[in-house]
Visitor: 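Here it is: the structure, laid out below.
The first residue of the sequence shown is numbered 1, and numbering continues consecutively from there.
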Amino acid sequence: MIQTTPRIIFSRPAKLPSRVAAALLSLAIPCSALSHTPSFPEANVIRRRTTAGYPYLNGGISFDEQRVMERAAHPFNLRIVFASSAGTLISPVFVMIGANNGRGIEKIPLRAPWFYIQLPPGGYTILARFKRQVVLVRNVHLREGQPRTYFLRGD
């Protein structure tokens, strides 16, 4: 039985300019966590106001958008995450938020599964329409300094 072993030959490369050597070295070393952060993750997060002037955020499709929204979540007292009945994140067509004291109804079109809004303290009713299903949440009570989070499943 003949056994062969691979032969490795080391040779000294010619002197490279320092910039070229650094570029080749950066390609050879695995990427660090800093290189995985996107340049503009907040560019995809929607920041708008409702017709009555309440600020809201909509996003959360990617992990980076979720981190941006979590960092910006402090002023928002109502946070809603939409998911399918299987648990995967989905975006409803729109959400309607009505004040229980008859102040008005906000109809907000959504493009992503995470939704944060700043509303005055009080009682609200939330209606979310998915493709084939409507989800209704009654008696949502918001208090000053106490954010509420809801996970709504539909479709």
Side-chain angles (χ1 to χ4, degrees), residues 16-155:
L16 295 173
S18 61
R19 288 184 183 174
V20 174
L24 291 175
L25 184 61
S26 69
L27 291 174
I29 296 175
C31 297
S32 67
L34 294 176
S35 65
H36 292 290
T37 57
S39 301
F40 304 103
E42 60 275 348
N44 295 329
V45 175
I46 298 169
R47 299 171 190 261
R48 294 202 179 126
R49 291 188 173 269
T50 64
T51 55
Y54 302 123
Y56 70 89
L57 292 177
N58 185 222
I61 294 173
S62 68
F63 177 72
D64 296 321
E65 286 180 23
Q66 292 172 3
R67 287 191 331 193
V68 167
M69 288 187 68
E70 285 174 353
R71 280 185 257 146
H74 178 68
F76 300 99
N77 59 355
L78 179 60
R79 302 164 189 170
I80 306 173
V81 178
F82 300 98
S84 69
S85 53
T88 57
L89 295 177
I90 59 171
S91 176
V93 177
F94 69 87
V95 66
M96 292 175 64
I97 301 174
N100 290 348
N101 65 1
R103 283 183 288 185
I105 296 175
E106 296 289 337
K107 181 177 177 182
I108 305 161
L110 299 180
R111 296 187 179 152
W114 283 28
F115 175 70
Y116 294 175
I117 188 166
Q118 174 63 40
L119 295 169
Y124 294 91
T125 299
I126 302 169
L127 182 135
R129 191 186 93 194
F130 295 87
K131 290 180 184 175
R132 295 175 300 226
Q133 188 176 9
V134 174
V135 176
L136 181 69
V137 181
R138 294 185 177 162
N139 297 325
V140 175
H141 295 286
L142 300 177
R143 294 182 178 88
E144 192 72 35
Q146 295 179 349
R148 302 288 308 257
T149 302
Y150 288 89
F151 295 88
L152 300 184
R153 291 186 170 201
D155 227 17

Visitor: Minimum heavy-atom separation for P113 and S91, please, with both atom names.
Guide: N-CB, 4.2 Å
Visitor: Taking side chain to side chain donor-acceptor pair (under 3.5 Å) as the definition, give me every residue that meets it alongside Y116, ordered by chain and number, with sequence neighbours left out.
Guide: none
Visitor: Are R148 and L142 close enough, and set up right, to give a side-chain contact (heavy atoms from CB on, under 4.5 Å), and what steps lead you there?
Guide: CA-CA 7 Å; R148 302 288 308 257; L142 300 177; 3.6 Å; yes
Visitor: Would you say N77's side chain and P121's backbone share a donor-acceptor pair under 3.5 angstrom?
Guide: no
Visitor: Over 60° means perpendicular and under 30° means parallel, so tell me whether F130 and F82 are parallel, tilted or perpendicular.
Guide: perpendicular
Visitor: If every non-hydrogen atom of R47 is compared with every non-hydrogen atom of A72, which pair is closest and at what distance?
Guide: NH1-CB, 4.4 Å
Visitor: Considering all heavy atoms of both residues, which atom of E106 and which atom of A52 are nearest to each other, and what is their separation?
Guide: OE2-CB, 2.8 Å
Visitor: Within the side chain of N58, is there an N or O that forms a donor-acceptor pair under 3.5 Å with the backbone of W114?
Guide: yes
Visitor: If I compare all heavy atoms of L152 with all of A128, which pair ends up nearest, and what's the gap?
Guide: CD1-CB, 4.3 Å
Visitor: List the atom of A112, the atom of G59, and the distance in Å for their closest heavy-atom pair.
Guide: CB-O, 3.2 Å
Visitor: Should L78 and I97 count as side-chain neighbours, where that means a heavy-atom distance under 4.5 Å?
Guide: yes
Visitor: In a check of side chain to side chain contact (heavy atoms under 4.5 Å, CB included) between F115 and each of L57, I108, I126, which one passes?
Guide: I108
Visitor: Are the aromatic rings of Y56 and F76 close, with centres under 6.0 Å apart?
Guide: no
Visitor: Applying side-chain contact (heavy atoms from CB on, under 4.5 Å), can you list everything that pairs with P147, at least two apart in sequence or on another chain?
Guide: R79
Visitor: List the atom of F94, the atom of P109, and the distance in Å for their closest heavy-atom pair.
Guide: CB-CA, 4.0 Å
Visitor: Mind checking side-chain contact (heavy atoms from CB on, under 4.5 Å) for R49 and listing every partner two or more places apart, or none if nothing turns up?
Guide: P55
